Amino acid sequence: MALSITTTGPASERLVTVTGEVDVSNAAELRSELDTALATGASTVRVDLAGVPYIDSTGIGVLVGAAHRADEAGADLAVLNPQRNVARVLDMLGVSGELGIGD
């Protein structure tokens with residue numbers, strides 16, 4: 001499944017919608033999009049994973065790294081709507097809190 005990433009919303013509140021599988025072959029695309037959203041000075045970045053059936057450790061690392069960069073910039077990054085299997089992996093790895101899941 002090809003990866004599709006769209007970013008919408010005003011510069012201060014970006015919504016990054018991801019569709020497709022996120023893995024080592026395309027995680028750099030997600031990193032780039034999240035870095036761009038943060039570079040615009042957004043105070044809030046939401047990452048909608050409703051359309052992501054699978055994410056590997058590289059993709060998870062991208063999300064956690066973006067959350068850390070957001071925190072350093074005084075911004076808020078949160079993951080929205082992870083599918084059950086993705087949410088379970090994030091929870092098992094102990095990163096759900098860092099990613100604002102359930103906030």
Side-chain angles (χ1 to χ4, degrees):
M1 176 181 263
L3 184 67
S4 170
I5 305 170
T6 57
T7 302
T8 57
S12 63
E13 297 181 19
R14 306 303 283 164
L15 174 63
V16 179
T17 304
V18 185
T19 305
E21 295 181 354
V22 180
D23 59 31
V24 68
S25 72
N26 57 24
E29 293 175 52
L30 179 58
R31 179 181 294 112
S32 177
E33 197 67 30
L34 294 173
D35 285 348
T36 299
L38 290 167
T40 63
S43 59
T44 303
V45 176
R46 301 289 179 248
V47 185
D48 189 344
L49 296 184
V52 176
Y54 171 82
I55 187 168
D56 74 1
S57 60
T58 306
I60 293 168
V62 165
L63 293 174
V64 171
H68 289 183
R69 289 189 299 283
D71 188 51
E72 291 169 359
D76 179 49
L77 182 139
V79 169
L80 307 175
N81 308 313
Q83 292 186 20
R84 179 177 290 163
N85 55 326
V86 171
R88 183 176 44 231
V89 170
L90 297 173
D91 192 45
M92 287 184 346
L93 292 173
V95 298
S96 294
E98 285 184 79
L99 299 177
I101 297 173
D103 288 356

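All values below were derived from every heavy atom in this structure, side-chain atoms included, with hydrogens, water molecules and symmetry-related copies excluded. It should be emphasised that the depicted structure is a prediction, and the values quoted were computed from it without experimental measurement. Numbering starts at 1 and runs along the sequence shown.
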Under the side chain to side chain contact (heavy atoms under 4.5 Å, CB included) rule, what do Arg46 and Asp76 come out as? Steps first, then yes or no, please.
CA-CA 8 Å; Arg46 301 289 179 248; Asp76 179 49; 2.8 Å; yes

With the side chain counted from C-beta on, respond yes when Thr17 and Ile5 share a heavy-atom pair under 4.5 Å apart, and no when they do not.
no

Is it true that a side-chain atom of Arg69 and a backbone atom of Gly65 form a donor plus acceptor pair closer than 3.5 Å?
yes

Would you check if Val16 and Val45 make a side-chain contact, meaning some heavy-atom pair closer than 4.5 Å?
yes

N/O donor-acceptor pair under 3.5 Å between Thr36 side chain and Ser32 backbone:
yes

For the backbone of Val24 and the side chain of Asp56, can you confirm whether one donor and one acceptor N or O come within less than 3.5 Å of each other?
yes

Apply side chain to side chain contact (heavy atoms under 4.5 Å, CB included) to the pair Thr7 and Glu33, showing each step before the final yes or no.
CA-CA 8 Å; Thr7 302; Glu33 197 67 30; 2.6 Å; yes

Set out, in order, the CA-CA distance, both residues' side-chain angles and the distance that settles side chain to side chain contact (heavy atoms under 4.5 Å, CB included) for Leu15 and Asp48, then state yes or no.
CA-CA 7 Å; Leu15 174 63; Asp48 189 344; 4.2 Å; yes

Only one of Leu34, Val22, Val95 passes side chain to side chain contact (heavy atoms under 4.5 Å, CB included) with Leu63; say which it is.
Leu34

Which heavy-atom pair separates Ala87 from Ser96 by the least distance, and what is that distance?
O-OG, 4.4 Å

Minimum heavy-atom separation for Ala42 to Ala75, with atom names?
O-CB, 3.4 Å

Cut-off 3.5 Å, side chains only: do Glu13 and Ser43 have a donor facing an acceptor?
no

Given side chains that start at C-beta, do those of Ile101 and Pro82 come closer than 4.5 Å, heavy atoms only?
yes

Please find the pair of heavy atoms, one from Gly51 and one from Gln83, that lie closest to each other, and give the distance.
C-NE2, 3.9 Å

Between Asn26 (side chain) and Glu21 (backbone), is there a donor-acceptor pair under 3.5 Å?
yes

Taking side chain to side chain contact (heavy atoms under 4.5 Å, CB included) as the criterion, tell me which of Asp91, Val89, Leu90 meets it with Leu93.
Val89

Considering non-hydrogen atoms only, spot the tightest contact between Ala70 and Leu38 and give its length.
CB-CD2, 3.7 Å

Minimum-distance pair of heavy atoms, taken over all atoms of Leu49 and Val86
CD1-CG1, 4.4 Å

Considering all heavy atoms, the nearest Leu99-Ala67 contact:
CD2-CB, 4.1 Å

Quick one: are Leu80 and Val47 in side-chain contact, heavy atoms under 4.5 Å?
no

Val18 side chain near Leu30 side chain, heavy-atom distance below 4.5 Å:
yes

